[in-house]
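Each chain gets a letter, A, B and so on, in the order the sequences are listed, and its residues count up from 1.
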Amino acid sequence: MRLTKTFVPTLREAPQDAEIISHKLLLKAGMIRKVASGIYSFLPLGLRSLEKVKKIIREEMDKTGALEVLFPAILPKEIWEETGRWNIYGNEMFKLKDRKGREFCLGPTHEEAVVDLARGELRSYKELPKTFYQIQTKYRDELRPRFGLMRAREFIMKDAYSFDASMRGLDKSYEKMFNAYKRIFKRCGLTTIPIEADSGAIGGKVSHEFVVISEKAGESEFVYCPKCGYAANIEAAKSAKEGEVEKEEFKAINKVSTPDAKTINEVSEFLNIPKEKLVKSLLYKIDGEFVLALVKGDDELNEVKLKNLLNGKFIFPATAEEVKSVMGASVGSVGPVGVKNVKIIADYRIKNMFNFVTGANEDGYHFVNVNLNRDFSVDAFGDIRTVKAGDSCPKCGARLEVYEGIEVGQTFKLGTKYSEKMNAKFLDKDGKEKYFIMGCYGIGVGRTLAAIIEEHNDKYGIKWPISVAPFEVEVVPLNMSDKTIVEVSEKIYNDLTSSGIEVLIDDRNDVSAGVKFNDADLIGIPVQIIVGRALKREGKLEIKNRDSGEKVLIEPESALKYVKDIIEAKYNALNE
RNA sequence: CGGGGUGUGGCGUAGUUUGGUAACGCGCAUGGUUUGGGACCAUGAGAUCGGAGGUUCGAAUCCUCUCGCCCCGACCA
């Protein structure tokens, strides 16, 4: 492709609304443009890379035996009502009506659509297992679109759905997908870590997220054990059980005045008692029911764990007014002592606490020397604290590390969650009707592209892994008014192109060498062939490796083979 | 939705405090000179200063309303 014949509007300065590096570089390199918040157009270069990611995904999906289909983006309200998600998704769904007033949505995901297909077509266990996948545009009216392609409202997703006759079958289907995901990201040049995850709104029991470590663009925190490899989303990370602690002598409970001390820090400082001796009491509303959650003063409550412990669907912190009316005291002075009619859930670590401090349910007062069972009782204990860096690994006991990650993919073992709701059954070997056992598997294609840039860039621009680069080689003739340079450039361009290599030639004759160098580094094609001074002086081409910055001079006659070899080596490195 | 910020040629900004009729760099067009790390000279095009209303002799600037966009939080590929 000739640069003058395509469209690569590079920018010297990135638009001010771009914050993270991938967003800036995608804009600067002329790969995408914004149309509205969270809505982007792909330009020729960006589209080429996007298609390459899709191609890798297709190849790996097809290898697993998954079948590509394409569901519509517009889906009727009825199937969403069967699963109850028309309301659960709420405002995040783009909803619309046709001229007759029938309601539809732009699909934010496709469990309903695929189950609707399966229940109509799959009748027998003999047809199972089956996995369908599609690469399609999804629509989610995000609360806050962010970071360019990272969190868009219209985005391309690969979503796959497996149907099995048994749990063991699901385990196999899941493992196939899991391994395919590892290969997909590897081939894209991404370093991903599969972490244990909470299954969130999609539902199900087992779930993994594939995350790329990124301090600046990461949106989900996860813990990682450098010793045994345990990795889990912060919402799912298990808290290690603490060892037995020596029991303290119970002291007499005592109400003390704590004027103006509301937060854990303030109370701790005012009473001169360490935070570990305080109990944090937090009132939550779970599916309409109030719950008082207790965690150690130096711990943070994990809302997702609390919700899951109680099998809840919706969890909200109680409002200041609700706290006042339910507890009889303001936020900052509530505690479990004397509480009736509200379920009390405590973190396991509370069991190891003696003579601690809690709010007294009276504004401006706290109790000191509170003790479990003597002063109050708990309805249930559970793991409801948020794991912190430095905590013990729940598997091996080593110290956990905490990272920020970009979630590029997620897999779920759904079980019969959707098939039951939509009454999707097959006839099993034993002649009985059973619900399909499902898994679902998603990859954010645009987000993957952005994550690749987050991982592969320098101050000059993008350093594309060869597998997803818009072109494999860029020929850069530095002086278009020099006949020799143009002739040699054209020859190598034609030779490479006709041997099946994707080549871009910067044939602009109205820009200086500096502009060509800078644009080449910005758009980040992995191999640059620079035709200029070296050719005039020594008759040689300069081959530059964008990633390493390494340059070698080589005779034009040997260039074709040399370039082919480095390209092959680059692909091999990604396929290992 | 809550909190913070911002909107001035295509991009990046100045001007807003203290009202006086839009400036700078890059880019763009034409001609010429250049060609190894964002060249130079000359000429030129391009902005109702996000929008609406108001105050004023006069508004980018002050007031009211409104819209867009970005960042932090809840949600997620």
Practice problem: Using the C1' atom on both, measure G12(B) against G38(B) and round to a whole Å. | Solution: 15 Å
Self-check item: Earlier contact from the 5' end, RNA chain B, for Asp17(A) and Glu407(A)
Solution: Asp17(A)
Self-check item: Distance, P atom - from C41(B) to G53(B), rounded to whole angstrom
Solution: 45 Å
Self-check item: Within 45° cone of Phe316(A) ring axis and under 6.0 Å: Lys285(A) NZ or CZ
Solution: no
Quiz item: Paired with G53(B): which nucleotide, if any, by Watson-Crick or G-U wobble criteria at under 3.5 Å for both distances?
Solution: C63(B)
Quiz prompt | Selected nucleotide, minimal atom distance to Arg146(A) side chain, candidates C75(B), C69(B), A77(B) | solution = C75(B)
Quiz item: Under 4.0 Å between a side-chain N/O of Gln16(A) and OP1 or OP2 of C70(B), yes or no?
Solution: no
Quiz item: How long is the line joining CZ of Arg151(A) and P of C71(B), in whole Å?
Solution: 11 Å
Practice problem: Determine, using ring centers only, whether Tyr89(A) and Phe94(A) are less than 6.0 Å apart. | Solution: no
Quiz prompt | Pairwise C1' distance for C76(B) and C62(B), with rounding to whole Å | solution = 44 Å
Self-check item: Upstream residue (5' side of RNA chain B) when Val35(A) and Met157(A) are each assigned their closest nucleotide
Solution: Val35(A)
Quiz item: Rounded to the nearest Å, what distance is computed from the CD atom of residue Glu142(A) to the C1' atom of nucleotide C71(B)?
Solution: 16 Å
Quiz prompt | Salt bridge present between Lys63(A) and Glu60(A) (N-O < 4.0 angstrom) | solution = yes
Quiz item: What distance, rounded to whole Å, do you find between the two P atoms, one in G15(B) and one in A52(B)?
Solution: 25 Å
Practice problem: Whole angstrom is fine here: how far is it from NZ in Lys516(A) over to C1' in G38(B)? | Solution: 14 Å
Quiz item: Where the side chain of Gln410(A) is defined as all heavy atoms beyond and including C-beta, which of A77(B), C69(B), C72(B) is the nearest nucleotide?
Solution: A77(B)
Practice problem: Identify which nucleotide among C70(B), C75(B), C76(B) has an atom closest to any side-chain atom of Tyr40(A), counting heavy atoms from C-beta outward. | Solution: C70(B)
Exercise. Check every atom of A74(B), C69(B), C71(B) against the side chain of Leu143(A) and return the nucleotide holding the closest atom.
Key: A74(B)
Quiz item: Taking atom P in both G31(B) and G37(B), what distance in whole Å separates the two?
Solution: 27 Å
Quiz item: Rounded to whole angstrom units, what separation is found between the NZ atom of Lys216(A) and the P atom of C71(B)?
Solution: 15 Å
Quiz item: So Phe132(A) and Phe163(A), would you call those rings parallel, tilted or perpendicular, with 30° and 60° as cut-offs?
Solution: perpendicular
Quiz item: Does C76(B) pair with anything, Watson-Crick or G-U wobble, both distances under 3.5 Å, and if so, with which nucleotide?
Solution: none
Quiz item: What does C40(B) pair with, Watson-Crick or G-U, if both distances are under 3.5 Å?
Solution: G32(B)
Quiz prompt | Ion pair check, Asp17(A) and Lys34(A), cut-off under 4.0 Å | solution = yes
Quiz prompt | Nucleotide paired to U6(B) in any strand shown, Watson-Crick or G-U, under 3.5 Å | solution = G68(B)
Practice problem: Kindly confirm or rule out a cation-pi arrangement of Lys52(A) over Trp464(A), judged by NZ or CZ under 6.0 Å from the six-membered ring centre and within 45° of its axis? | Solution: no
Atom pairs under 3.5 Å, N or O on each side, protein against nucleotides 35-37 of chain B: can you list them with distances?
residue, atom, partner, partner atom, Å
U35(B), O2', Asn479(A), ND2, 3.0
U35(B), O4, Ser481(A), OG, 3.3
G36(B), O2', Arg533(A), NH1, 2.6
G36(B), N7, Arg533(A), N, 2.5
G36(B), O6, Arg533(A), N, 2.9
G36(B), O6, Ala534(A), N, 2.9
G36(B), N1, Glu542(A), OE1, 2.7
G36(B), N2, Glu542(A), OE1, 3.2
G36(B), N2, Glu542(A), OE2, 3.2
G37(B), N1, Asp521(A), OD2, 3.3
G37(B), N2, Asp521(A), OD2, 2.5

Exercise. For C11(B) versus U56(B), give the span between their C1' atoms, rounded off to a whole number of Å.
Key: 35 Å
Exercise. For nucleotides G10(B) and G50(B), find the distance between their P atoms and express it as a whole number of Å.
Key: 13 Å
Self-check item: Whole-Å distance separating the CZ atom of Phe7(A) from the C1' atom of G10(B)
Solution: 11 Å
Quiz item: On a whole-Å scale, what distance lies between the C1' atoms belonging to U35(B) and A39(B)?
Solution: 8 Å
Quiz item: When we call it a touch if two heavy atoms are under 4.0 Å apart, what does Asp519(A) touch: a base, just sugar-phosphate, or nothing?
Solution: base
Quiz item: Would a line drawn from the ring center of Tyr161(A) to the ring center of Tyr133(A) be shorter than 6.0 Å?
Solution: no
Quiz prompt | Base-pairing mate for A23(B) - Watson-Crick or G-U, with both contacts under 3.5 Å | solution = U13(B)
Self-check item: Cation-pi geometry met for Arg48(A) and Phe471(A) (6.0 Å, 45°)
Solution: yes
Quiz item: Could you walk me through whether Lys388(A) and Glu300(A) pass the salt bridge (Lys or Arg N to Asp or Glu O under 4.0 Å) check?
Solution: CA-CA 9 Å; Lys388(A) 293 182 285 209; Glu300(A) 293 297 329; over 6 Å; no
Quiz item: Between His23(A) and Tyr40(A), does the ring centroid distance fall short of 6.0 Å?
Solution: yes
Quiz prompt | Matching residue for Leu50(A) among Ile32(A), Leu45(A), Val445(A) - test: side-chain contact (heavy atoms from CB on, under 4.5 Å) | solution = Val445(A)
Could you go through nucleotides 25-30 of chain B and list every protein N or O atom that sits under 3.5 Å from one of its N or O atoms, giving the distance for each pair?
residue, atom, partner, partner atom, Å
G25(B), N2, Glu13(A), OE1, 3.4

